[in-house]
Amino acid sequence: MTMTDRPVEPEGKSGARRAPQDNPGARPGTEEPETAQERVNRRWNEILQETRVTQTGVQILFGFLLSVAFTPLFRELETLDRAIYVTTVVLGAAATGALIAPVSIHRFLSGQRMKDDLVDAAGRLMMCGMVLLALTIGCTLLLILRFVVPGVLAEVLVAGVMLWFGLCWYALPLYLRRRRNRRSRATDA
């Protein structure tokens, strides 16, 4: 929803919400409840910001990967390294597709009053794209590190980086969600 799509409020009926510190009855650390429309608009704006960040990264990485095939050293790659390269390029293309898909879906569905469905689909595509991006980065590291470090050290380093991604991108958010749910249940009891 753009600024021009917002309905105009009649005078005296401002939809502006007061900050919790402006509301003497509000508990510290709580937010005013949002309407379903406000929630879907907020979620859509968050997805747009997240998409901008990830699209830039995946497009730069994908462009780098495409250029590798045209370097003189590419002809010297062993069969395993070529397989890793092909896998990496395919993963990068799939990540690019998943991370750009919300834009296409929005273009097709704009004005159809399907923002809830759009937000749900875009959120799922973003998660899929993030998994594909992590795998693309891991394969890219593997391809590069196989040339730089001897023996199995390349695989060990890549496994460490992938574990780090798993912790930062997936385990930490899930942990924080569970912790919040436990606190909510304790507060409600």
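We number each residue from 1, following the sequence as shown. Note that these values count all heavy atoms, side chains included, but never hydrogens, waters or copies made by symmetry.
- Here CD1 of I84 is found 9.5 Å from CG of L77. Values are rounded to the nearest 0.5 Å.
- Of all heavy-atom pairs spanning A101 and L125, the tightest one is CB-CD1, 3.6 Å.
- In terms of heavy atoms, A134 sits closest to F165 at CB-CD2, 3.8 Å.
- Nearest heavy-atom pair across W44 and V119 is CB-CG2, 3.8 Å.
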Open item on the list: Is there a side-chain contact (heavy atoms from CB on, under 4.5 Å) between D81 and E76? Walk through the geometry before answering.
Closed with: CA-CA 10 Å; D81 292 324; E76 299 174 21; over 6 Å; no
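- Counting heavy-atom neighbours within 6.0 Å of F74 CZ, excluding the residue itself, gives a total above 12.
- Y85 places a side-chain N or O within donor-acceptor distance of the main-chain N or O of L65, the cut-off being under 3.5 Å.
- Atom CD1 of I100 and atom CD of Q59 lie 4.5 Å apart (nearest 0.5 Å).
- At least one side-chain heavy atom of R179 sits under 4.5 Å from a side-chain heavy atom of R182.
- Enclosure of atom CZ in F108 is not indicated, since only 12 or fewer non-hydrogen atoms of other residues, nucleotides or ligands lie within 6.0 angstrom.
- Nearest heavy-atom pair across F62 and G92 is CD1-C, 3.8 Å.
- Although no hydrogens or angles enter the test, the distance criterion places a donor-acceptor pair under 3.5 Å between the side chain of S67 and the main chain of F64.
- With rounding to the nearest 0.5 angstrom, the CG atom of L109 is 6.0 Å from the CG atom of L118.
- The shortest non-hydrogen separation linking V158 to G138 is CG1-O, 3.5 Å.
- In this structure a side-chain-to-backbone donor-acceptor pair under 3.5 Å is present from T56 to R52.
- The 12-atom threshold is not exceeded at CH2 of W164, counting heavy atoms of other residues, nucleotides or ligands nearer than 6.0 Å.
- From M126, atom CE reaches atom CD1 of I47 across 7.5 Å, with rounding to the nearest 0.5 Å.
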TODO: Output, in order, the C-alpha distance, side-chain angles, deciding distance and verdict of side-chain contact (heavy atoms from CB on, under 4.5 Å) for E50 and M130.
DONE: CA-CA 10 Å; E50 294 162 0; M130 293 297 291; over 6 Å; no
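- Comment: E46 engages R42 in a salt bridge, judged by a side-chain N to carboxylate O separation of less than 4.0 angstrom.
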TODO: Dump the intermediate steps for side-chain contact (heavy atoms from CB on, under 4.5 Å) on V58 and L61, then the final yes or no.
DONE: CA-CA 5 Å; V58 76; L61 179 58; 5.5 Å; no
TODO: Go through V103 and Q55 one step at a time and tell me if the side-chain contact (heavy atoms from CB on, under 4.5 Å) criterion holds.
DONE: CA-CA 11 Å; V103 175; Q55 278 180 356; 3.8 Å; yes
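- D120 and R43 are joined by a salt bridge, as a carboxylate oxygen and a charged side-chain nitrogen come within less than 4.0 angstrom of each other.
- The two residues T35 and E38 come nearest to each other via the heavy atoms N-OE1, 2.8 Å.
- With hydrophobic clusters built from ILVMFWY side chains whose heavy atoms lie under 4.5 angstrom apart, I137 does not share a cluster with L172.
- One distance of note links CD of E155 with CE of M162; it measures 13.5 Å at 0.5 Å rounding.
- In the hydrophobic cluster analysis, where Ile, Leu, Val, Met, Phe, Trp and Tyr join through side-chain heavy atoms closer than 4.5 angstrom, L80 is grouped together with L153.
- Atom CZ of R82 has more than 12 neighbouring heavy atoms from other residues, nucleotides or ligands inside a 6.0 Å radius.
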